[in-house]
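Down below is the structure, laid out as structure tokens.
Below, read A as the first sequence line, B as the second, and so on, with proteins coming before strands; counting in each chain starts at 1.
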Amino acid sequence: MVETMIWVYIVICLLLIFFQIGFLIAMAIRAWRERFLVRKMRRDVIHQMELLSQNRAITERHRAFLSEDLTQPVSLYRYEKALDSILAEVQDGTLALRDPDEITNVTIYIRHRAKNYDNEEQSRGRSKIFLRLRPKKELIRPLGRELAEDYFTRYLRGVAPEIVSLTASYRKKDTIVHSFYVFLLKKYKFPSFVCTPELIANLKDLIETGDSTSCEGVLLAVYTVGDPALVSDFLELVDKQERFVHPKIISDGLLSYGGNPTDLHTRLLADLNHFSPEMQVNLLNYLRFRSGDCCEELLKILADEKTHDEVRFCCIRYFGKYHYEPAYELLAEFADGADRRRVEYAVVALMALRNYPSDRTMQILYRYIHHPNWYVRYNATESMEVLGVEYQDLVDIFDGQDRYAREMLQYQFDQRYALEEEVSPR
Amino acid sequence: MRDAILKWISDFLTWMTVGYGAYLVLYSTFLFVAVVISASILYYRNKKLRFRNVTDHKYQIPVTIVVPAYNEEVTVVETVKSLLMLDYHSYEIIVVDDGSKDRTSAVLCEAFDMRRVRRPVRKQVPCKDAEAIYECFTEKVPLVLVRKINGGKADALNMGINAARYPYFICMDADSVLQVDSLIRITRPVLEDDGVVAVGGVVRPCNDVELEGGRVKNYRLPKNLVACMQVVEYDRSFLGTRVLFDSFNGSLIISGAFGLFKKEAVIAVGGYDTKTMGEDMELVVDLHKYCIANKKPYAIKYATDAVCWTQAPERLKDLMKQRKRWHLGLFQTLMKHRSMATDLRNGPGSFASYMYFFIYEFLSPFIEFFGIIVTVISLLAGLINLKFFLTFTLVYALFGASLTLTSFFARAQISDLKLRVRDVFKAALMCLLELFFMHTVLTYVRATAFIGYRKKKLQWGRIERKKINSK
């Protein structure tokens, strides 16, 4: 039995070693084949761009290739690589296109005769070889970024119907491949050229079946369409799922919205009550990053006592970034109410007040420098620093008994002096 | 009577030898199963990466990098320079000088024109007081130096946590270099799952590796044999256990050289334990227990593509000191949390991980040390057949070496490292050498680690430092 076991282990050892060698060889061959096929695909795409540059249409052969071959995930992967390499040249401004008419089709006929050792003729015939002679790329001047981008966009627009039509095929494939297809859609903004109901249904499918990464890809693809109603619909769908989607994926992702941002803001604010408080926070964070035009609506939300606390904090932060005088009264009340409300209101409002310089603001900040909560103290001192308070105005704190307040203020002043020295070196 | 005693001794030796052999077979089989499962997990993860199933890197969560340093004047400036080159925009760097006796603080202040500030630090986890705080206002991200009273690595890390402003922090060593994309990669699990409280990165020895701008320019195996054997050893532990445990949320250790933690969770468990030598493992075990006890959904992940390059000791003496320290740390943590072996409320994952660490990490040096002695005696007494013994040893060695080699290639593959033919053969040789030489030496070191261990309490592990080959 022991001997059998030893033999089993010897066999496993040998299998492992053969597997290593086989794996290394297979990887090397795969990499080589991959490079070759991507280059071939790239040549094909460039040829189509060359035709477009001469105001000619994309060939039917290329369209058929996209509709049929790209249903294979590996082909789609290579296609993405080919587009990537072209995009890199487009962005560098180094892409050069040739005149397709300069391509000379040459057919060479080769006569062949085969003889045996006794010089007797065995067979004879004629072979045909087709050559496409193209001028060397190095001899052609690059297009420049603007023109190259134009041709590239025209190509993407031209093939968008074929790429979008792949949706039926990828809908049936596993989530990884399905997500990759959506990734390609959003990367090259195909839905902004063609958006079919089938594509929308497909994207909704992936939200329901995929993970948070797929969800992110779908949302980014939807943003490229530039339809506010569609964005709102999809965000609602995401909100209904129990799956975690990081707030940054929503708030930062919306920044890539392809349509008119004002329309989107109006729509999101109109639909705000359809969303959960968590999603509302994400949307308000997005609005804070993007625009200061929603002050009026946000003040209404802030003033409503029924609004969720986190949503109100977001509104306060918004007014901390965008000065809106009608909001001041509420902000001052929140900042001054650390003992009546949740302390977080005061923490956030004290930070927002740095955007509202006035005597009342200074009095509130001065009062809260001594508050027992670390964050209240810290934000009050930081706001004071931003408002440009001088040492002599605070001399009683520096000479006073409150060590914590003193240290916080001292740090703000240290930072200010150090930064001033950086701006105007000694 | 004499015959009975001799028979008893003979039986005892035979059974012990058989037991030892069975232990080796079991361990090898476990390693084989682990490598196969891990390889298939990695294949799946690689497929996801290849097909771009990863969170877009534009969304970045703010991260604080805490670099505890003690007598690191040779490497600390290079380390900070490499951190400033990271492909990430939302981070800050906090270097904590734990009362170094050399010019660690001075070289940093000179290199980055740092100014002293009176910054208040909120002590949320216990640590010794700060002596001085310096800040730099000219770099692309905030750079802070905290000089504090000496208190050990865990104490320095706690100070870093207190001074950190961001919700996540990364701990790393002052003699390490993070790969340029490592922050993007290590934060991905957090973007994908809010319950992630810690993420471990991959630590690779950088001896003789040429790094430029935080990227590998030229990969080669170290010329130094001790460092070279550690490369293959790190790879085996990576594929053998880390990936496997990660698959069932059973990781009990995140290397102190590179790990990301949720600050809120770490503060909740009281920060790093300053009374243990294995503060990194201790923290992870604490996080497991805290989340389970409080019924918080959580995950501890392992980012297989987030790489940190570190200096492996090149002198055997340094390596022995390092491993002795690690083993004592392991012992302290296992003893402190021994309830995990009996309390199944911690979940089957935690139980399985604990038992693995207890049997194969903690007890293994004793079993192997004892096993080797018993086998040698049995061999001399003619209780085992020499031919059988040699065949068994050879098969065991070949099996272990081929598994290590599998791990080495798998890791090179996922890290996209270009291997030279010479290095492939060298790696194969090192797998055997590591098994026969380094493993045996380290078994002895770990088995005798307890001699005089109290004296070493709370000291920084010291190894000879060299400048990292990074531009």
Can you list the steps and then say if Arg52(B) with Glu216(A) is a salt bridge (charged side-chain N to carboxylate O under 4.0 Å, His left out)? CA-CA 12 Å; Arg52(B) 309 281 196 275; Glu216(A) 179 205 356; over 6 Å; no
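- Here Ser212(A) contributes atom OG and Asp194(B) contributes atom CG; the two are 10.5 Å apart, rounded to the nearest 0.5 Å.
- At a cut-off of 3.5 Å, with distance as the only test, no side-chain donor of Tyr378(A) or Arg122(B) sits close to an acceptor on the other residue.
- Counting heavy-atom neighbours within 6.0 Å of Phe289(A) CZ, excluding the residue itself, gives a total above 12.
- Heavy atoms of Val25(B) lying under 4.5 Å from chain A belong to its backbone as well as its side chain.
- Between chain B and the options Leu16(A), Ile17(A), Leu14(A), heavy-atom pairs under 4.5 Å are most frequent for Leu16(A).
- In this structure, chain A has heavy atoms under 4.5 Å from both the backbone and the side chain of Glu192(B).
- For NZ of Lys296(B), the number of neighbouring non-hydrogen atoms (other residues, nucleotides, ligands) closer than 6.0 Å is 12 at most.
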Taking it one step at a time, do Lys48(B) and Asp211(A) satisfy salt bridge (charged side-chain N to carboxylate O under 4.0 Å, His left out)? CA-CA 12 Å; Lys48(B) 281 188 92 171; Asp211(A) 54 13; 3.3 Å; yes
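- Arg165(B) CZ: more than 12 foreign heavy atoms inside a 6.0 Å radius.
- Among the residues in residues 396-403 of chain B, those with a non-hydrogen atom closer than 4.5 angstrom to a non-hydrogen atom of chain A are Leu398(B), Phe399(B), Ser402(B), Leu403(B).
- Contact of Ile6(A) with chain B is made through backbone and side chain together, with heavy-atom distances under 4.5 Å.
- Annotation: the span from Ile61(B) atom CD1 to Lys248(A) atom NZ amounts to 9.0 Å, rounded to 0.5 Å.
- Open room surrounds NZ on Lys387(B); 12 or fewer heavy atoms of other groups in view lie less than 6.0 Å from it.
- Residues Thr29(B) and Tyr9(A) form a side-chain contact, since some pair of their non-hydrogen atoms from C-beta on lies under 4.5 Å apart.
- Counting heavy atoms of neighbouring residues, nucleotides and ligands inside a 6.0 Å radius, atom NZ of Lys301(B) does not exceed 12 of them.
- The distance from atom CH2 of Trp374(A) to atom CD of Gln124(B), rounded to the nearest 0.5 Å, is 8.0 Å.
- Shown here is Tyr44(B), whose OH atom has no more than 12 heavy atoms of other residues, nucleotides or ligands within 6.0 Å.
- Contact annotation: the side chain of Phe51(B) approaches that of Pro73(A) to within less than 4.5 Å [non-hydrogen atoms, C-beta and beyond].
- With respect to chain B, the highest number of heavy-atom pairs below 4.5 Å among Ile249(A), Ile10(A), Leu255(A), Val182(A) belongs to Ile249(A).
- Heavy atoms of other residues, nucleotides or ligands lying less than 6.0 angstrom from CD of Glu264(B) number 12 at most.
- Across all their heavy atoms, Lys47(B) and Ile176(A) have their closest contact at O-CG2, 4.2 Å.
- Taking CG from Asn53(B) and OG1 from Thr175(A), the interatomic distance works out to 8.5 Å, rounded to the nearest 0.5 Å.
- Aromatic rings from Phe23(A) and Phe409(B) are positioned such that their centres are separated by 6.0 Å or more.
- In this structure, the separation between CZ on Phe244(A) and CG on Asp193(B) is 7.0 Å, given to the nearest 0.5 Å.
- Between Thr213(A) and Thr55(B), the shortest heavy-atom distance links the atoms CG2-N, 3.8 Å.
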